[in-house]
Amino acid sequence: MARTPLIAGNWKMNLDHLQAVAFVQKLHWTLKDAAHDENSVEVALFPPFTNLRTVQILIDADKVPFVLGAQDLSTHDSGAYTGEVSGVFLDKLACRYVIVGHSERRDYHHETDAIVAEKVQAALRNHLVPVICVGETLEQREESGPTAVSVAQLQVALEGVPADADVVVAYEPVWAIGTGQVASPEQAQEVCAALRAVVAEKLGDDAAARTRILYGGSVKSGNVASFLREPDVDGALVGGASIVVDEFAAIIRYQKHVGV
Ligand code: PGA
């Protein structure tokens with residue numbers, strides 16, 4: 001089954017809503033100038049919550065060929081949860097995706113595997129596609145090998161997920177995020193293949209064949225094609241390089257600069 005590659009830009013806590021307008025329009029023009037084929041790859045933008053409406057207006061007005069995602073969501077749909085953002089609201093804003101279990105949330109906000117699993121359920125019941133992030137620290141890699149931590153994290157996250165659910169998985173080795181220390185394509189492939197086996201075990205072979213598995217961690221225009229050439233890597237979750245217009249446009253156009 002052919003899987004449409006997904007290039008996802010996680011802005012993290014960067015770009016205010018005015019900068020977002022300028023950025024998104026410039027990205028669109030840059031791709032247009034380069035005659036980028038919009039259908040060859042899906043591009044999702046994950047701005048901060050305060051910019052979702054701004055970017056959604058541009059998408060809604062059919063001005064830009066991107067889809068919208070949020071960086072996180074609450075485990076609850078409504079109620080007394082100060083500061084939290086409900087999946088109901090994200091759905092209303094026409095978000096398609098929501099990142100769940102990013103290592104920065106697991107680390108700085110103490111999100112456990114159980115909380116991540118609850119967020120996956122919150123996303124699915126609100127018609128959002130969770131982008132489930134998993135990945136090991138360097139110590140964990142040395143202790144238990146390259147795949148064990150990611151496999152265990154994904155097994156918990158997929159608990160109770162129906163076989164026909166739409167999910168995306170992102171392998172993001174913690175030691176490669178924002179460090180410039182990128183995993184090799186072979187290392188990414190090894191873990192992504194193991195994660196696909198988890199999807200097969202939990203959701204069945206059809207789901208494993210259609211589910212996109214991304215690599216994330218210091219992805220740049222110069223290395224993205226080498227990851228996307230691997231059979232089990234279906235896209236990239238890009239942090240730092242996703243807020244630099246020319247760099248992100250070059251990542252989106254990865255097929256152009258190295259034959260895939
Ligand atoms: P990075 O971040 O591309 O800056 O390494 C990736 C991520 O955290 O999603």
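One-based numbering, in listed order, for ligands and for the atoms of each. Nothing here was measured: the structure is a model prediction, and the numbers come from that model.
A side chain to side chain contact (heavy atoms under 4.5 Å, CB included) with D72 is found for one member of R105, E104, H109 and no other, namely R105. Screening V167, I99, L195 against I132 for a side chain to side chain contact (heavy atoms under 4.5 Å, CB included) leaves a single residue, V167.
Of the protein's non-hydrogen atoms, the one nearest atom 4 (O) of ligand 1 is G240 N, 2.8 Å. What sits closest to atom 3 (O) of ligand 1 on the protein, heavy atoms only, is G239 N, 2.8 Å. In terms of protein heavy-atom proximity, atom 9 (O) of ligand 1 is nearest to E172 OE2, 2.8 Å.
When hydrophobic clusters are built by joining Ile, Leu, Val, Met, Phe, Trp and Tyr residues whose side-chain heavy atoms come closer than 4.5 Å, directly or via intermediates, L128 is grouped together with L203. Using a 4.5 Å cut-off between side-chain heavy atoms of Ile, Leu, Val, Met, Phe, Trp and Tyr, with links allowed through other members, F66 and F46 fall into different hydrophobic clusters. Linking Ile, Leu, Val, Met, Phe, Trp and Tyr whenever their side-chain heavy atoms come within less than 4.5 Å puts L90 and V120 in one cluster.
Interface of G217 with ligand 1, defined as ligand atoms under 4.0 Å from a residue heavy atom, comprises 5 (O). Numbered from 1 in the order shown, with element, the atoms of ligand 1 that lie under 4.0 Å from a heavy atom of N10 read 9 (O). Annotation for ligand 1: atoms under 4.0 Å from non-hydrogen atoms of A176 are 5 (O). Counting atoms of ligand 1 from 1 in the listed order, those under 4.0 Å from a heavy atom of G178 are 1 (P), 4 (O), 5 (O).
Between H102 and ligand 1, an N or O atom pair is found at a separation short of 3.5 Å.
Y215 places no side-chain N or O within 3.5 Å of a backbone atom of V224 that could act as its donor or acceptor partner.
Using a 3.5 Å distance cut-off with no hydrogens or angles, the side chains of Q189 and Y171 do not pair a donor with an acceptor.
Counting heavy atoms under 4.0 Å from ligand 1, residue S242 does not touch it at all.
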